[in-house]
There are 2 protein chains.
Amino acid sequence: MAKKTPMVADLSTEEKIKEAARKVFTRKGYSATRTRDIAEEAGLNLALLNYYFRSKEKLFGIVMVEKMQKFFGFLLPIINNPSTSLESKLENLSAGYIDLLLTNPDLPFFVLAEIRNNPDLITNFAQKKDFLRDSVFIKQVREKKTELDPFQFLLSLLGMCIFPFVMKPGFQKLTDTDDQKFKQMMLERKKLIPAWSKAILKAKHPL
Amino acid sequence: MAKKTPMVADLSTEEKIKEAARKVFTRKGYSATRTRDIAEEAGLNLALLNYYFRSKEKLFGIVMVEKMQKFFGFLLPIINNPSTSLESKLENLSAGYIDLLLTNPDLPFFVLAEIRNNPDLITNFAQKKDFLRDSVFIKQVREKKTELDPFQFLLSLLGMCIFPFVMKPGFQKLTDTDDQKFKQMMLERKKLIPAWSKAILKAKHPL
DNA sequence: GTCTATAACCTGATAGAC
DNA sequence: GTCTATCAGGTTATAGAC
């Protein structure tokens with residue numbers, strides 16, 4: 001193992017910093033993290049952050065774009081897939097999103113926080129203006145059940161998938177649920193949400 | 001209108017600071033707000049914050065407790081009310097919570113953020129340990145449908161009520177929905193959520 | 001490329017005049 | 001009680017040695 005042949009475990013300095021930044025920024029947010037926290041987390045000196053990334057803000061920007069792409073890059077293709085049925089979309093979205101969030105439990109809160117700080121950002125990640133209004137998903141809900149506002153339905157669907165992760169720390173404390181049990185619940189949820197969504201679609205619309 | 005008879009509009013200095021603190025802290029969170037922001041928002045000098053509240057942290061603590069009590073003080077009594085049916089609880093919770101959040105749209109995000117920063121806090125606001133596990137709501141769901149995990153159901157119910165408000169800025173940007181239209185949607189939602197929750201309770205449980 | 005030392009700046013808190 | 005001016009400490013960013 002010569003010095004120039006790094007093992008898989010040890011990344012380049014630049015990548016070490018990015019990895020540390022991902023971790024600290026997602027946990028504490030932009031304002032509450034100090035560049036020193038990131039340097040320490042990376043096991044490196046503070047000056048290197050500026051050497052590689054010029055500023056805290058630029059480093060954050062890189063992490064932020066990554067996270068946004070992860071969050072929306074999964075969601076939008078499913079919602080706008082013209083070759084799957086609405087029922088398939090419910091199953092794909094629920095199962096895939098919960099898997100994604102199980103490996104990235106802090107992702108939704110980070111994304112929601114960032115959108116609140118800067119709502120204009122969201123337009124960079126929705127492919128085009130009125131993307132959602134014109135999406136296949138919205139059309140399919142409209143065809144299935146004209147009296148139902150498809151955006152109301154989507155809000156509920158997303159809420160059922162995402163909210164448990166936003167609420168995770170509080171929920172676990174309140175119900176004495178450890179990570180293992182929480183994971184089991186979320187896996188179970190992959191089947192519950194499509195079933196429940198279909199029940200909602202079938203339910204009589206209230207006056 | 002003598003000097004000593006203030007009009008309803010102008011509050012005491014102390015109350016002006018608190019009101020400004022509520023506004024800025026809820027919008028930007030603890031770390032991102034500077035005491036100078038609060039002073040400016042209140043139209044007062046920075047030194048007065050420390051005169052009245054000793055420190056940024058103490059001022060934040062006061063605002064935070066208020067918000068937590070507002071958030072949980074409404075939820076817990078409904079969930080644990082022994083003299084209402086499960087169906088009534090669904091209706092009361094949905095209607096009441098959405099009304100609360102329409103006048104306090106930033107409340108859920110603030111509370112969720114605070115719980116993430118300090119999960120132990122939540123135990124101060126849940127009246128006793130295992131409050132939720134032993135609650136009337138959980139018992140009633142269990143009686144109604146033994147094969148359904150009542151916590152899964154509660155997560156969905158809360159998600160449907162709360163998530164739209166957490167997502168509000170992004171949703172509005174993405175769908176070109178102004179505040180007036182958003183409010184209409186949420187009022188409509190007060191009827192949708194109980195109907196949908198009941199449909200979930202009636203739906204066949206997936207294997 | 002990586003480090004130590006330090007500059008430049010920002011922020012919470014206080015002193016002291018009014 | 002309220003203000004201006006300032007301090008003390010912490011934080012980002014950089015200079016310069018290695």
Side-chain angles (χ1 to χ4, degrees), chain A residues 1-65 110 113-114 117-118, chain B residues 1-65 110 113-114 117-118:
Chain A
M1 297 288 174
K3 271 156 117 189
K4 294 291 182 68
T5 316
M7 310 168 63
V8 266
D10 68 334
L11 310 160
S12 71
T13 300
E14 186 170 347
E15 200 47 52
K16 267 190 221 161
I17 295 172
K18 250 163 65 173
E19 189 53 36
R22 279 189 266 265
K23 193 165 165 183
V24 183
F25 276 138
T26 36
R27 202 174 53 227
K28 312 213 291 179
Y30 179 77
S31 299
T33 94
R34 298 166 306 149
T35 51
R36 282 166 165 80
D37 299 335
I38 297 174
E40 193 185 352
E41 175 72 34
L44 293 169
N45 190 277
L46 195 157
L48 287 172
L49 300 218
N50 293 301
Y51 176 76
Y52 282 101
F53 298 97
R54 278 190 50 88
S55 76
K56 176 187 178 184
E57 207 173 341
K58 285 208 171 33
L59 179 53
F60 180 79
I62 291 169
V63 171
M64 188 266 287
V65 168
F110 179 88
E114 198 48 29
N117 288 344
N118 191 355
Chain B
M1 296 293 174
K3 270 156 119 191
K4 295 294 183 65
T5 314
M7 311 169 62
V8 267
D10 69 334
L11 310 159
S12 70
T13 299
E14 185 171 347
E15 200 48 51
K16 268 190 222 163
I17 295 173
K18 252 169 57 178
E19 190 52 37
R22 279 188 268 264
K23 192 167 168 182
V24 183
F25 276 139
T26 36
R27 201 173 55 227
K28 313 213 292 180
Y30 180 78
S31 299
T33 95
R34 298 167 306 147
T35 50
R36 284 167 166 80
D37 298 335
I38 298 174
E40 193 185 353
E41 176 72 36
L44 293 168
N45 190 277
L46 194 155
L48 287 171
L49 300 217
N50 292 301
Y51 177 76
Y52 281 102
F53 298 98
R54 279 195 47 90
S55 77
K56 177 188 179 184
E57 208 175 338
K58 284 206 169 37
L59 179 54
F60 180 79
I62 291 169
V63 171
M64 187 266 286
V65 169
F110 178 88
E114 197 47 29
N117 288 343
N118 190 355

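First the proteins, then the strands, lettered A, B, ... as listed; each starts at 1. In this text, all values refer to a predicted model and were calculated from it rather than measured experimentally. Basis for what follows: all heavy atoms, side chains included, without hydrogens, waters or symmetry-related copies.
Distance, A:Glu14 CD to C:dT2 P: 10 Å, rounded to whole Å. Here D:dT14 presents its P atom at 17 Å from OH of A:Tyr52, a figure rounded to the nearest Å. Rounded to whole angstrom, the span from the CG atom of A:Leu49 across to the P atom of C:dT4 amounts to 14 Å.
The pair B:Lys16-B:Glu19 fails the salt-bridge criterion, with no side-chain N (NZ, NE, NH1 or NH2) lying under 4.0 Å from an Asp/Glu carboxylate O. A:Arg22 and A:Glu41 are not joined by a salt bridge, as no carboxylate oxygen comes within less than 4.0 angstrom of a charged side-chain nitrogen.
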(request) Any chance you could list the contact pattern along nucleotides 12-18 of chain C? Use B for base contacts, S for sugar-phosphate-only contacts and - for none, protein heavy atoms under 4.0 Å, 5' to 3'. (result) BBBB---

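Taking only side-chain atoms of B:Leu44, from C-beta outward, the nucleotide of C:dG1, D:dG1, D:dC3 with the closest atom is D:dC3.
Of the possible polar contacts, none joining the B:Asn50 side chain to the B:Ala47 backbone as a donor-acceptor pair under 3.5 Å is found.
Counting heavy-atom neighbours within 6.0 Å of A:Lys28 NZ, excluding the residue itself, gives a total above 12. In A:Glu40, the CD atom is not crowded: 12 or fewer heavy atoms of neighbouring residues, nucleotides or ligands sit closer than 6.0 Å.
Both tests pass for B:Lys56 against the ring of B:Tyr30: distance under 6.0 Å to the centre and angle within 45° of the axis.
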